[in-house]
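If you read the sequence from its start, that first residue is 1, and numbering goes on from there.
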Amino acid sequence: MESVSGTQTSPKRRATVRHYRRPVERPFTRDERERVTLLFGGLTKRHEVLIQAAVEGLGYTVAILPTPGRPDYCAGREYCNKGQCNPSYFTVGALINYLKNLRDEQGLSVESILDNYVMITAGSCGPCRFGMYESEYRLGLRNSGFDGFRVILFAQRGLNQSGPDAGLEFNVPFFVGIINSVLIGDLLNEVACHIRPYEVVPGQTERVMRQVVERLQDVLRVKPGQPPRERLLTTLLGILLPRYTREDRGRFVEQLIGREYVEALKDCARIIDEGIEVDYTRPKPVCKIIGEFWAQTTEGDGNFRMFSFLESQGAEIRTEPIMSWADYVIGQERARLKDRRGLDESGNVPRGLAGKMSAEVRRHWQRSRMRFAAMALHREFERNRVALGGTAHALLDQEELQRLADPYYNRRATGGEGHLEVAKNIYYAQHKLAHMVLSLKPFGCLPSTQSDGVQAAVTARFPDTIFVPIETSGENEIGAYSRVQMALGEAKGKCREEFAACVAETGYTLENIHAFCAEHRELRRPLQDVPFRKGVAGRAANFVAHVGRLMDADPGWSRRKVRR
């Protein structure tokens with residue numbers, strides 16, 4: 001080869017292509033189970049302690065990583081690749097700092113840590129950087145001096161993901177325990193969030209909720225017994241789930257008909273009602289939290305401790321249940337099967353009438369299984385929700401959310417929360433269930449950035465909605481608080497107007513309503529049934545309207561009604 005000047009140059013050496021291969025690490029085996037501690041974290045405290053109890057009930061030793069904070073973020077930035085989203089930095093950094101504490105503060109050797117501790121976390125793939133978390137865990141651990149530390153993943157692909165000699169069995173009892181823990185944690189979190197802003201004695205809600213969590217831990221920690229083998233439902237379930245053993249199908253049946261958790265939650269509702277007194281006549285703007293999964297869930301520095309900040313500013317927050325994500329995954333699979341009409345398992349058009357009929361029957365069969373899974377999930381959530389007083393909100397219908405998002409966001413564009421952020425904003429705007437919607441997401445999150453672009457069209461379509469997207473990172477906490485405070489000021493104005501209108505509609509003064517509540521202890525119960533009127537989002541506004549109707553039915557009070 002000649003250069004422009006005519007001199008001879010040596011040919012370039014062809015680089016060897018080396019494709020990435022997932023590293024093979026030392027497995028966690030069954031005979032190690034008694035001495036190995038499983039580490040996990042990344043959810044709310046209530047979720048974590050309930051999951052810990054359920055997994056301990058299966059015979060494992062479990063430890064919870066501390067809620068990630070700013071030092072963990074700095075550790076993640078130091079040891080991981082650049083350009084990752086902050087959930088990766090926070091979670092990987094939390095694990096690294098935990099292991100450093102074991103080594104430096106508790107005096108354990110690195111070899112002992114590698115032998116006696118294992119990290120368990122979720123894995124995935126797709127356009128979201130969540131699919132890269134596993135490699136970031138391994139890179140960060142290697143760079144921080146813990147090369148060889150075992151990270152075990154479970155994926156979103158089924159209820160049996162382990163071999164016969166696995167130390168951690170991802171089987172039906174494991175996943176059923178996780179689902180029950182997450183479901184109960186969702187309900188407790190929402191109940192606590194709607195009670196805490198109205199508590200008469202500050203701190204009373206958290207004290208009572210600790211008692212409730214301890215009661216439920218005892219229930220979840222009980223190791224599941226042998227499921228019944230001779231039940232008609234177990235046999236019938238074999239038609240839908242032929243690949244599962246009779247024992248596993250029996251556990252599904254016990255989950256659907258058992259009442260251990262229902263009765264325990266009824267006891268918890270009684271404890272909450274007897275232990276907490278509220279004043280629902282204080283108007284608080286309702287702020288619905290949506291956004292990227294981790295950012296909208298964590299309670300620490302990863303989202304600037306936004307939940308406690310909002311409550312300190314006088315808001316009532318509505319968190320998003322984690323079970324809605326499981327419902328979303330099922331809904332996406334149902335939609336995928338619907339899209340594959342006329343195709344076989346390989347995505348090809350089947351040949352001949354027999355092939356087409358076989359493909360269609362298989363597709364309908366798979367959709368029936370997904371429909372059953374969605375129905376079972378909603379049923380379990382609903383009966384536990386009712387047992388805990390019925391004040392938490394039901395799971396949203398995934399088909400309705402898809403329908404709402406379709407004009408703005410293609411539901412086939414998966415990754416992150418997919419179309420859910422857009423759909424939830426539309427849902428709460430249409431039904432007027434919140435005074436403002438706050439979307440929390442990591443800085444540079446691709447799926448959330450896409451949905452934020454679409455939200456401009458949504459807010460133009462629903463101009464009365466207050467939508468605030470906040471990109472979280474390890475910095476700019478003050479800027480995020482400032483933006484939220486400005487939006488919250490507008491939401492407070494809407495809330496006060498709504499409350500004043502409802503008080504005026506009753507025909508009584510606010511002092512009359514306070515006096516009536518003082519005479520009736522049931523109106524100071526946190527889990528009382530307060531009917532919510534269409535178009536009225538505030539709990540206080542709905543409460544005074546409810547009390548006004550009760551006063552009208554009381555002859556002693558109806559005579560005091562202000563004539564207008």
Open item on the list: Has Ser482 got a side-chain atom pairing as donor or acceptor with Ile478's backbone, closer than 3.5 angstrom?
Closed with: no
- [ ] Could you check Thr61, Asp115, Asn116 and say which one makes a side chain to side chain donor-acceptor pair (under 3.5 Å) with Arg35?
- [x] Asn116
- [ ] Ignoring hydrogens and angles, tell me if any N or O in the side chain of Glu199 forms a donor-acceptor pair with the backbone of Thr205 under 3.5 Å.
- [x] yes
Open item on the list: Tell me if a side-chain donor or acceptor on Tyr73 pairs with a main-chain N or O of Gly93 at a distance below 3.5 Å.
Closed with: no
Task: side-chain contact (heavy atoms from CB on, under 4.5 Å), paired with Val151, selected from Thr121, Val92, Ile120 - done: Thr121
Open item on the list: To the nearest 0.5 Å, what is the distance between SG on Cys80 and CG on Asn143?
Closed with: 7.5 Å
Open item on the list: Determine whether a donor-acceptor pair (N or O, by modelled atom type, separation under 3.5 Å) exists between the side chain of Ser181 and the backbone of Ala54.
Closed with: no
- [ ] Assess the side chains of Gln204 and Glu277: does a donor N or O sit below 3.5 Å from an acceptor N or O?
- [x] no
TODO: Report yes if the side chains of Cys287 and Glu311 come closer than 4.5 Å at any heavy-atom pair, otherwise no.
DONE: no
Open item on the list: Does either side chain, that of Asn189 or that of Thr44, offer a donor lying less than 3.5 Å from an acceptor on the other one?
Closed with: yes
- [ ] Report the residues that fulfil side chain to side chain contact (heavy atoms under 4.5 Å, CB included) with Asn410, sequence neighbours left out, ordered by chain and then residue number.
- [x] Arg412
Open item on the list: So, applying side-chain contact (heavy atoms from CB on, under 4.5 Å) with Gln398, which one of Ile330, Asp327, Val329 is it?
Closed with: Asp327
Open item on the list: Tell me whether Thr297 contacts the main-chain N or O of Phe293 through its side chain, where contact means a donor paired with an acceptor under 3.5 Å.
Closed with: yes
- [ ] Without swapping roles, check the side chain of Glu292 against the backbone of Trp294 for a donor-acceptor pair under 3.5 Å.
- [x] yes
Open item on the list: I want to know whether Phe40 and His47 have ring centres closer than 6.0 Å.
Closed with: no
- [ ] To the nearest 0.5 angstrom, please state how far the CD1 atom of Ile322 sits from the CG atom of Asp186.
- [x] 5.5 Å
Task: Donor-acceptor pair, side chain of Glu299 and main chain of Lys45, under 3.5 angstrom - done: yes
Open item on the list: Is it the case that the side chains of Tyr428 and Arg318 hold a donor-acceptor pair, with the cut-off being a distance below 3.5 Å and no angle test?
Closed with: yes
Open item on the list: Determine whether a donor-acceptor pair (N or O, by modelled atom type, separation under 3.5 Å) exists between the side chain of Lys284 and the backbone of Tyr198.
Closed with: no
- [ ] Locate the shortest heavy-atom distance separating Gln450 from Tyr409; write the atom from each residue and the value.
- [x] NE2-OH, 3.0 Å
Task: Option from Asn86, Thr472, Asp452 for which side chain to side chain donor-acceptor pair (under 3.5 Å) with Lys441 holds - done: Asp452
Task: Check: Glu320/Ser324 side-chain N/O donor and acceptor closer than 3.5 Å - done: yes
Task: Between Gln255 and Asn180, a side-chain donor and acceptor under 3.5 Å - done: yes
Open item on the list: With a sphere of 6.0 Å drawn around CD of Glu34, does it hold more than 12 non-hydrogen atoms of other residues, nucleotides or ligands?
Closed with: no
Open item on the list: Check whether Glu169 reaches the backbone of Phe174 with its side chain - one donor and one acceptor, N or O, closer than 3.5 Å.
Closed with: no
- [ ] Consider only side-chain N and O atoms of Glu316 and His194, and report whether a donor and an acceptor are under 3.5 Å apart.
- [x] no
Task: Interatomic distance, Leu440 atom CG to Phe304 atom CZ [nearest 0.5 angstrom] - done: 9.5 Å
Task: Spacing of CD1 belonging to Ile113 relative to CG belonging to Leu102, to within rounding of 0.5 Å - done: 5.0 Å
- [ ] Check the side chains of Gln296 and Asn303 for a donor-acceptor pair under 3.5 angstrom, ignoring hydrogens and angles.
- [x] no
Task: Side-chain donor-acceptor contact under 3.5 Å, Glu136 with Ser88 - done: no
